[in-house]
Amino acid sequence: MTAPTTSAAFPASAARERRPILEIRDLVVDYGYGEDRVHALRGVNLTLHEGEVLGLAGESGCGKSTLVYAATRLLAPPGYISAGEVLFHPEGGGEPIDVLRQDERSLRAARWQDTAIVFQGAMNSLNPVYRIGRQLTDTIAAHRPEMTRPEREERARELLSMVGIAPNRISSFPHQLSGGMRQRVMIAMALALEPRVLIMDEPTTALDVVMQRQILEQIMELRDRLGFAVVFITHDVSLLIEIADRIAIMYAGEIVEDAPAQDVYRRPRHPYSDGLLHSFPPLRGPRRELAGIPGSPPDLAHLPSGCPFRDRCAFAWDACAAIPPRLVPPAVPGDSPGRLVACLRHDPQAVRYGGFEPLPAPDRLAL
Amino acid sequence: MSDEAPRNPGRPAAPASAPVLAAVGLTKHFPVRGLRSKGVVHAVDGVDLELHSGRVLALVGESGSGKSTVARLLARLYTQTDGQVLLHGERVTARKGRAFRAYCRRAQMIFQDPFASLNPVHTVRYVLTRSVRIHRPTLRGAALEAELRALLDRVQLNPDRFIDKFPHELSGGQRQRVAIARALAADPEVLLADEPISMLDVSIRIGILNLLKDLRDRLGIAILYITHDIASARYFADRTHVMYAGRTVETGDSESVTQQPAHPYTQLLVRSAPDAENLGAPAHTGARGEPPNMVNPPAGCRFNPRCPFATELCRTQNPPLLDIGADRTVACWGYAARVPGALDGVPADAPARADLPDLRAAAAPVRRGAPEVAR
């Protein structure tokens, strides 16, 4: 539980061994039951490695929050996990645990300890009638019953100063703190048990850019010091490119591209990623005319056949209506290993198998 | 989508013309409710701005900086505490009734949340008909129908598909287009757009901005674009005003304000904005502190508690907007040494008079007497 030893074990460099810590396999989540159910996630595969910052990007309703709530079993009805597994690799090796099949007691013990979440609108997640010190120590008391009250309070103070809040604010009520400070308290609370995975669901969306920047710098600094892995969910791709090691872009309940952050920015392979990158006006560099993406995201209850993006895609052809694309390595020689994209332009094999003539990846998706 | 839309090459109305709508020393203080409190929230203090036809002015600032209050004051949804709103140089005093409606016809507002600004029980047809009938009561029958279709066409929605839809059947971007069509029904001279894209999905935001750009060019509407995203101001607006804690801290053309920010707050804002080019090592921005309490704003420059350059002068005297040339102004004492007459407003016996902050390398160039750059 002491910070110095852990900080030595996790150097801040990117040359860390890529050991998986959380593996999501073929996860299917539906909302509702029977005929009218909506497939919010349709077979998602994603791996989080130790110490990595994984960015999850996509528009509202694409399933990015559903993915992490399902993977932590926090999904409330009518959300229903109908298939898949979520493997958590315990510290120091050993058999991975399937979180979806874990019994309630061990799940309860593992939550917060292994995986902690900072929720969307975390500013309103604090209980307004308790002092923040009590809310911080509650967590510690539940998971570390052997600690005495002064020890817990000492730890709470330590956590507060870790996120840049004066330890004497421990006896403040949430309403006495500003939005940015409340957000920091939430982060401190998530880090109370030194989790190995920290999931952040749009943690800075409600904040101003300056405050957002302060919080991000803090998170990155803590990550370097404590070595936890981060899943960072946001719709702001430019932010992700800056902070994430790897980015998974989601569209209509599927991951459409999974690649190192720099590659997504410099050489996007999926037409949706390309469109998303051209939806943010740049602050620096040449001023250019942007087009955004035509149309709007599909209704998950009435998805088109084949590729869900085809209605908005400039490179779609008849095969896209017939064959649902799968995640494959892009058909561009020399791409980073482990890069995946779900686009038929990169999957001639599937196109041929479906009885169509494959088309090559367009130039702008094969840089 | 609208990048292919026909563009009128010749922009109507030269910017040198008189402003359509102007604010002079606009001030709004809200009383603090409560039994014992006598305080006021200094939401907006002495803001000047000019909206020219066929031009977009962006108002950038964080939440609580008073930018939305400015829009509501200009729309006459609030009455100002002090200062004036001028429409074509004439003072606007309309508050309600006929005068208010006559004013509304000329200055229309677009709200942030298209999910809240359209009545869920009415169809698009009803929403637009109401607006047309209020502002142009003589239109009836076929002429009215043709006008509805023209409005939907203008916001790039297919009339046959959308005219009988309810708001819940539309996506966020489509709803915002309907809200824009409703504003256009009055055939306004000014559009006051209060964060028109911040509630929309990222992939369709640019589409709405391009639509507004197109309306600006084709109809020569003056647009006030309120945003917290300085990058979108650079993309969309001709001029940008940066607000901090109820005051304007910097004005200028959008390109220079974003590329060579002069005020320390604008610099902080630009540094803090997410930037994909900033790969690998996110440089520490030195972002610190929080926006001030607006009931008791700090004396002097309101940014002084967060400013790395603040001196005693900044803590005691409010800097006026200093003209730093090339059509730019900045409210920062750091430029006073190079702007003649900058210290005229400071009492001669003020001890801090000579204690000017030194922005060093952060200072933007001052182009005194330089030829006027075309806006």
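Small disclaimer: the values here were computed from a predicted structure and weren't measured. First the proteins, then the strands, lettered A, B, ... as listed; each starts at 1.
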Query - Residue pair A:Leu276, B:Val202: steps toward the side chain to side chain contact (heavy atoms under 4.5 Å, CB included) verdict - result: CA-CA 7 Å; A:Leu276 213 50; B:Val202 284; 3.7 Å; yes

**Report entry** Residues B:Arg205, A:Glu59; criterion salt bridge (charged side-chain N to carboxylate O under 4.0 Å, His left out); working and verdict
**Finding:** CA-CA 11 Å; B:Arg205 289 183 183 177; A:Glu59 296 176 79; over 6 Å; no

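Heavy atoms of B:Glu255 lying under 4.5 Å from chain A belong to its backbone as well as its side chain.
For B:Tyr235 (side chain) and A:Glu289 (main-chain N/O), no donor-acceptor pair under 3.5 Å exists by modelled atom type. In terms of modelled atom types and a separation under 3.5 Å, the side chain of B:Asp201 and the main chain of A:Ser60 share a donor-acceptor contact. Side chain of B:Arg234 to backbone of A:Pro281: no donor-acceptor contact under 3.5 angstrom is found.
A:Leu290 contributes atom CG, which lies 7.5 Å from atom CG of B:Asn210 (distance to the nearest 0.5 angstrom). Here the CG atom belonging to A:Leu283 is positioned 8.5 Å from the CG atom belonging to B:Asp229, to the nearest 0.5 angstrom. For the atom pair B:Ser65 OG and A:Asp208 CG, the distance stands at 8.0 Å (nearest 0.5 Å). Atom CZ of A:Arg284 sits about 7.5 Å away from atom CD of B:Gln259, to the nearest 0.5 Å.
The shortest distance between side-chain heavy atoms of A:Val210 and B:Arg306 falls below 4.5 Å.
For the residue pair A:Asp236 and B:Pro274, the shortest heavy atom distance occurs at OD2-CG, 3.5 Å.
Scored by the side-chain contact (heavy atoms from CB on, under 4.5 Å) test, B:Cys332 finds B:His263, B:Pro264, B:Val330, B:Tyr335, B:Leu359 as partners (sequence neighbours excluded). The side-chain hydrogen bond (donor to acceptor under 3.5 Å, both in side chains) test applied to A:Asn168 returns no partner, not counting sequence neighbours.
Taking chain A as the reference chain and counting heavy-atom pairs below 4.5 Å, the highest number among B:Gly172, B:Gly64, B:Ser232, B:Ser63 is found for B:Ser63. The most heavy-atom pairs under 4.5 Å with chain B, out of A:Gly58, A:Pro282, A:Pro297, come from A:Pro282. Chain A forms the most heavy-atom pairs under 4.5 Å with one residue out of B:Ile230, B:Val270, B:Thr258, B:Leu269, and that residue is B:Val270.
Residues A:Arg312 and B:Ser203 bring a donor and an acceptor atom of their side chains to less than 3.5 Å of each other.
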